[in-house]
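Reading through the structure tokens given below for one structure.
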Amino acid sequence: MDTQNLANEIKETEAGWKSKLNLPTKDKRVKTTDVTATKGHEFEDYCLKRELLMGIFEKGWENPSPIQEASIPIALTGRDILARAKNGTGKTGAYLIPILERIDTTKDKIQALIIVPTRELALQTSQICIELSKHMGCKVMATTGGTNLKEDIMRLQQQVHVIIATPGRILDLMKKGLAVMDKCSMLVMDEADKLLSQDFKNMLDSVISYLQPDRQILLYSATFPCTVDAFIKKHMHNPYEINLMEELTLKGITQYYAYVQEKQKVHCLNTLFSKLQINQSIIFCNSTQRVELLAKKITELGYSCFYIHAKMRQDHRNRIFHDFRNGACRNLVCSDLFTRGIDIQAVNVVINFDFPKMSETYLHRIGRSGRFGHLGIAINLITYDDRFALHKIEQELGTEIKPIPKVIDPHLYVAEYQTEGTLNPADLKAIENRELENQQHQQQLQHPVLQQQQMQHLVQAQP
Amino acid sequence: MDQLNDIPNTGIYTNPLFTHALNTILGCPVVLRTKNNCLYHGMLDSFSPDLDVILKCCHKIDATVETVIYDKSIPEKSNVKTFYFERDDIVEMNACEVDTHFAIKILENSFIDSAIVEKSRVSDEESLGEEFKELVPYVFDSEYDSSDLDSGLVSKEVSPLVTNNKTGWNAEDMLNINEIKFGYKSTYKSDLSDYTIPLEKRHTDEYKRRELEAEKIAHEIEKSKSYRRNIDKELSDNEEEEYAFSAVIRTDSNNNSLRRFSSSRKTPKNNKSKKNYKN
């Protein structure tokens, strides 16, 4: 009888754990095939710990994205991975989930190290890791330059399982034997192409020298402008390659240019602000001084606006990063400090006030909108001097940046127009034809069936 | 046809899934373990209905000199033969690294950005010409008074050579103005408790001793040259942050991109567009 009761009890808890989850409100915006073209895996297919699954679901992640499907099972076997997938398609989850699954929280040892190129990205990754692992009792520490070194040393005397760091700070801690890495068997390099760029490279070689010899190395990025073969040869064992990219740019982002003179840029921006329905925007400038001046100008024009760049005090940087992420301010002017990895779901407009030089910068910048397959727009202010760069980047990315139309269709970037279930064929058409001019739009209104077919290729509404 | 159908399926051939799986790895390198715990590395050649197996180019792995990493072990040429294994002697047979896509891989280095562009271009050739396009000037709404906006960001007081705070905007001022004008409220906690493990502070002598110790080490690290160098790498030491945080530096050794074009090769023909502005 007792065993029967016990069995019933187990049955009840088995069935009940999902109903007890504290799920966030569902994001009902449509998503593009960049994140919906999956094989149909579920997180439960990977035999993950119950506690980890709870964290995943409470984060609002319902099913694995394509990069997560490809990456999680392989990473769980301990194999090295070299992976590329588009901006905002779930790379962080793709490495955090297998890492957390393989952490033994009963051992008081650092078991995984995640390296990222910027401090704010380290904070963001760490926060996601803390949220995913909150039912596991896993201790996650972020350590970056610019924060209190003494406190980080003392944190390392406590129990730590996972460290998320920028390369400089973690090297200092490892050299002094403060971060003991001899049981660290997993290393992730996020934004790997940047970390392996000449300016960082030697630091990563040193980092690796402190790890276990048979460690697993996972490399992730959306861009690999150059090969990383030399690093692979030196440090990795026959890595499993994941390359899910048929093209470089996100399907959900519409790109425009506004051809202006330098002195008209502020005027143009002001016009855009008055016309666009901005949920949150990120505006990029090419120098820290212009970042500050533009942010000042924007507040003078009557819009709430922060700025962030690397020459500010770290506590200011942290505050602005935190508050902007939480929606306390609508606009953010920034330098390329914020170009890679920063994930703010509410951003629907990215403006390149100054056009970047390198194609990977451009790709990462515009990838700040259209997160996780959602829709967004990118507007580039182009001057006569930028025409070569514009052409070069269009060629290198295989994309076309169109002149900005008089009216930008709100279906292309405004959340209220994208809710699942409310999309009728005409709405869908608008998204599909996002690259066409208004006139072409009207012609196509007469062929709703055709557009629907095209649309299914582009946007796959969730069932 | 008739002849094929006449052969009765026997043994493992009656299991279509298993037969299919084995057929998939025919011709692939496998590592086979026998009952007496020997490892053989060879190419799967054929299998009988009773699951006897033939490996070609096969050799016995000498554990003292060879290790098997995935599918790679190094046989001595003279030892490579065709081996026949009876089912009863086989413990396991592993085919690692089976690449079912090898025949349809096109580019050797398909991983870098330019290869992906190349791939997408095949289907999209017409829309992406290499010609410079004529840029369409932005049309401002004429009724809008723009006199105070048209100075852009280049004001007289700003010289590119002077980079002190006076030419920019103080961060404190920014936070204050956003608070006053737009009601911005911060939820930031300076202990970063959302982002890292909390520091377990205690009021014991032991804790104070550890704190002093940590302070001493921190001071040592902060004095060292490498610390400064590392910090400088995390901060940018010039005005432009693109190279510090975003761009990947190309070197001769890694820059084997498939790029077909260079900006120096062609001159743009959009001088016309410039004229538009002079009017």
Side-chain angles (χ1 to χ4, degrees), chain A residues 118 123 126-127 139 141-142 145 149-151 153-155 166 168 172 193 197-198 223-227 238 243 245 247-248 258-260 262-263 265-267 270 287 289-290 292-293 296 299 304 310 312 316 319 322-323 326 328-329 335-337 339 358 361 384 387-388 391-392 395 398 403, chain B residues 70 109 111-113 116-117 120-121 128 132 135-138 146 149-150 152-153 163 167-169 171 177-178 182 184 186-188 194-197 199-200 214-215 217-218 221 227 230-231 233-236 239-242 245-251 254-256 261 263 268 270 274 277:
Chain A
T118 67
L123 292 183
S126 178
Q127 190 203 27
K139 305 287 186 219
M141 173 175 166
L149 184 56
K150 182 194 87 181
E151 286 182 5
I153 293 170
M154 298 191 68
R155 284 191 176 94
T166 49
D172 284 331
D193 58 328
S197 175
Q198 210 55 45
T223 52
F224 283 94
C226 312
T227 63
N238 194 20
N243 181 357
M245 292 171 64
E247 79 257 298
L248 291 170
Y259 183 34
V260 292
E262 178 62 43
K263 66 184 172 88
K265 276 184 174 180
V266 174
H267 185 184
N270 190 43
S287 81
Q289 197 181 25
R290 287 171 68 81
E292 293 186 9
L293 290 171
K296 192 176 183 186
T299 50
S304 75
M312 299 163 76
H316 281 143
R319 172 183 299 271
H322 173 94
D323 284 337
N326 288 308
C329 180
S335 66
D336 282 303
L337 177 66
T339 293
M358 309 302 275
T361 304
Y384 183 70
R387 65 201 190 285
F388 294 107
H391 178 76
K392 186 182 87 144
Q395 291 288 321
Chain B
Y70 298 105
N109 199 339
F111 210 78
I112 57 174
D113 294 352
I116 289 167
V117 174
S120 60
R121 193 165 279 153
L128 289 164
F132 276 84
L135 297 177
V136 182
Y138 184 77
S146 62
L149 289 172
D150 270 354
L153 286 182
T163 52
T167 59
W169 195 25
I177 285 181
N178 275 284
F182 307 105
Y184 146 69
S186 181
T187 54
Y188 173 70
D194 294 342
Y195 298 96
T196 189
I197 55 167
L199 202 55
E200 295 159 9
E215 188 147 12
I217 304 171
I221 294 175
Y227 175 80
N230 288 343
I231 288 290
K233 273 183 190 170
E234 285 190 18
L235 299 169
S236 61
E239 263 295 296
E240 286 189 18
E241 300 194 346
E242 178 170 0
F245 300 111
S246 170
V248 175
I249 293 169
R250 273 74 161 170
T251 62
N254 69 11
N255 196 12
N256 56 348
F261 29 76
S263 44
N270 57 347
K274 196 181 183 183
Y277 281 142

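Proteins come first, then strands; the chains are lettered A, B, ... in the order of their sequence lines, and each starts at number 1.
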Can you say whether B:N178 sits under 4.5 Å from chain A via the side chain, the backbone, both, or neither, judging by heavy atoms?
side chain
Which atoms of A:T339 come close to chain B, meaning under 4.5 Å heavy atom to heavy atom: side chain ones, backbone ones, both, or neither?
side chain
Answer yes or no: is there a donor N or O on one side and an acceptor on the other, between the side chain of B:T196 and the main chain of A:A142, under 3.5 Å?
yes
On a heavy-atom basis, which atom in A:Q395 and which in B:V117 lie closest, and how many Å separate them?
O-CG1, 3.7 Å
Compare every heavy atom of B:F245 with every heavy atom of A:D336, then report the nearest pair and how far apart it is.
O-CB, 3.4 Å
On a heavy-atom basis, the closest approach of A:M312 and B:A171 is CE-CB, 4.0 Å
Between B:Y195 and A:Q127, the two heavy atoms sitting closest are CD2-CB, 3.7 Å
Could you tell me which portion of A:N326 (side chain, backbone, both or neither) has an atom closer than 4.5 angstrom to a non-hydrogen atom of chain B?
side chain
Examine the side chains of A:D323 and B:S186 and answer whether a donor and an acceptor come within less than 3.5 Å of each other.
yes
Would you name the heavy atoms of A:M358 and B:V248 that are closest together and state the gap between them?
CE-O, 4.2 Å
With a 4.5 angstrom heavy-atom cut-off, which part of B:Y188 approaches chain A: side chain, backbone, both or neither?
both
Does B:E241 use its side chain to pair, donor to acceptor, with the backbone of A:A310 at less than 3.5 Å?
yes
Heavy atoms of A:I153 and B:A218 approach each other most closely as CD1-N, 3.7 Å
